Amino acid sequence: MENIALQAKNISKFFYQPESFKVLKDISFEVQSGEFLTLIGKSGSGKSTLLYVLSTMDTDYEGQMMINGVQLTGKSQNELAAFRNKNIGFVFQFHYLLTEFSALENVMLPALKLGQYSKAEIEEKAYRHLSLLDLKEQALKPASKLSGGQQQRVAIARALINDPSVIMGDEPTGNLDSKNTKVVFDIFKQLAKENKQTIIAVTHDDDFAKNSDRVIELSDGNLIRN
């Protein structure tokens, strides 16, 4: 049990507009600590919906979900928000940086919100993560002045700032060219291998998926490959 990062048990979800529709159908699987997992499937298969349930941002589902042995199903929104900020990092297709803030300030924000370290300690840590992603020289630039690949790497540094055990990505390379896609993939691979951080990413990129540790495929809300 101590090596299991995430457990999903009989996850089902309905959409009710314009009519009742079962978008996830009794999904069960486990993810090991330090595993790099990709979720694939055609548009409408339910993969992004599943990711949002796994991330605890969507609580309107049936079944049970655990991360690091903590039962998250049934917890309050405030409890889930606190758990997410400490344990889960997010990387989306769009970077969602505050464009008027510097790269450094963007990376620092989640740690300032968590409040476990002083501002000086957080700044030092943010510089460390930016260095890891070859962005130290860009630290004081406004996010709006960075390239698309740089912005996405800043978003990854921001996702890492609280040392989350699980990093979730929703099409994290969807807006990137092949060169930057490889950079992001290699970063995720390194985090999983060296830091034992668990990566769960939705992707449409076949090469990205096949080079991950494991692929889970959905079709019409059913898990067809695990």
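Predicted model, so just to flag it, every value in this text is computed and none were measured.
With a 4.5 Å cut-off on side-chain heavy atoms, L132 and Q190 count as touching. The shortest side-chain heavy-atom distance between L109 and L98 falls under the 4.5 Å cut-off. Looking at V23 and F14, their side chains never come closer than 4.5 Å, going by heavy atoms from C-beta outward. Put simply, the side chain of E62 does not reach to within 4.5 Å of the side chain of I11, judged on heavy atoms. In this structure, the side chains of E217 and N222 stay at 4.5 Å or more apart for every pair of heavy atoms. The shortest distance between side-chain heavy atoms of Q32 and L6 does not fall below 4.5 Å. Put simply, the side chain of I224 does not reach to within 4.5 Å of the side chain of L218, judged on heavy atoms. By the 4.5 Å heavy-atom criterion applied to side chains, S219 and K42 are not counted as neighbours.
There is a side-chain donor-acceptor pair under 3.5 Å between R214 and N226. Side-chain contact, N3 with S33: no donor N or O sits under 3.5 Å from an acceptor N or O. In the model, K47 has a side-chain atom that pairs as donor or acceptor with a side-chain atom of H204 under 3.5 Å.
Of the inter-residue distances, the one linking Q116 atom CD with N85 atom CG reads 9.0 Å to the nearest 0.5 angstrom. The distance from the NE2 atom of H95 to the CD atom of Q151 is 3.5 Å, given to the nearest 0.5 Å. Atom CG of L37 and atom CD1 of I200 lie 6.0 Å apart (nearest 0.5 Å). Atom OG1 of T73 sits about 9.0 Å away from atom CG of L80, to the nearest 0.5 Å. A distance of 6.5 Å separates CZ in F36 from CZ in F188, rounded to the nearest 0.5 Å. E30 contributes atom CD, which lies 3.5 Å from atom CD1 of I4 (distance to the nearest 0.5 angstrom).
Remark: K136 NZ is loosely packed, at most 12 non-hydrogen atoms of other residues, nucleotides or ligands lying under 6.0 Å away. Heavy-atom contacts from other residues, nucleotides or ligands closer than 6.0 Å to OH of Y117 number 12 or fewer. Dense packing is recorded around CD of E100, with more than 12 heavy atoms of other residues, nucleotides or ligands lying under 6.0 Å away.
Judged by distance alone, with hydrogens and angles left aside, the side-chain atoms of E79 form a donor-acceptor pair with the main-chain N or O of S76 at under 3.5 Å. A donor-acceptor pair is defined here as one N or O able to donate and one able to accept, closer than 3.5 Å; such a pair exists between the side chain of Q152 and the backbone of P172. Not one N or O on the side chain of N180 forms a donor-acceptor pair closer than 3.5 Å with the backbone of L176. At distances below 3.5 Å, not a single donor-acceptor pair connects side-chain atoms of S20 with backbone N or O atoms of Y16. With E105 contributing its side chain and S102 its backbone, the two residues share a donor-acceptor pair below 3.5 Å.
Ring pair F94/Y96: centre-to-centre distance below 6.0 Å. Between Y52 and Y61, the ring center distance fails the sub-6.0 Å criterion.
Criterion: ILVMFWY side-chain heavy atoms under 4.5 Å apart, direct or through other members. Under it, I167 and L54 are not part of a common hydrophobic cluster. Following chains of ILVMFWY side-chain contacts shorter than 4.5 Å, one can reach V166 starting from F92, so the two form part of one hydrophobic cluster. In the hydrophobic clustering of ILVMFWY residues, with side-chain heavy atoms under 4.5 Å counting as a link, F90 and V31 come out together. V53 is not connected to V91 by any chain of hydrophobic side-chain contacts under 4.5 Å among Ile, Leu, Val, Met, Phe, Trp and Tyr, and they are in different clusters. I40 and L24 sit in two unconnected hydrophobic clusters of ILVMFWY residues. Membership requires side-chain heavy atoms under 4.5 Å apart, directly or through other members.
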Task: Test log, rule side chain to side chain contact (heavy atoms under 4.5 Å, CB included), inputs L50 and F29 - done: CA-CA 12 Å; L50 176 60; F29 63 96; 4.0 Å; yes
Open item on the list: Test side chain to side chain contact (heavy atoms under 4.5 Å, CB included) on M168 and I88; report intermediate values, then the result.
Closed with: CA-CA 7 Å; M168 297 193 182; I88 305 175; 4.1 Å; yes
Task: Candidate pair N162 and K86, rule side chain to side chain contact (heavy atoms under 4.5 Å, CB included), full reasoning - done: CA-CA 6 Å; N162 288 336; K86 187 173 183 180; 5.9 Å; no
Task: E123/M108 under side chain to side chain contact (heavy atoms under 4.5 Å, CB included): CA gap, chis, key distance, verdict - done: CA-CA 6 Å; E123 183 173 315; M108 291 174 66; 3.9 Å; yes
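No salt bridge links K25 with D220; every basic N to acidic carboxylate O contact stays at or beyond 4.0 Å. Ion pairing between K13 and D58 holds under the 4.0 Å rule for side-chain N and carboxylate O. By the 4.0 Å N-to-carboxylate-O rule, D207 lies too far from K182 to be salt-bridged with it. Electrostatic pairing of E124 and R128 counts as a salt bridge here, judged by a charged N lying under 4.0 Å from a carboxylate O.
Remark: E121 pairs with no residue by the salt bridge (Lys or Arg N to Asp or Glu O under 4.0 Å) rule, at least two apart or across chains.
Residue pairs meeting the side-chain hydrogen bond (donor to acceptor under 3.5 Å, both in side chains) criterion with at least one member in residues 140-150, sequence neighbours excluded, are Q138-K141, S147-Q150.
Of all heavy-atom pairs between S28 and N10, the closest is OG-N, 2.7 Å. The shortest non-hydrogen separation linking A209 to T203 is CB-CG2, 3.9 Å. Contact detail for I27 and L223: the closest heavy-atom pair is CD1-N, 3.5 Å. S212 approaches T38 most closely through the heavy-atom pair OG-OG1, 2.8 Å. Across every non-hydrogen atom of G89 and P164, the tightest pair is N-CB, 3.4 Å. Scanning all heavy atoms of the two residues, the minimum distance from K125 to I161 falls at NZ-O, 3.0 Å.
Aromatic ring orientation, F185 versus F208: perpendicular (interplanar angle above 60°, classes split at 30° and 60°).
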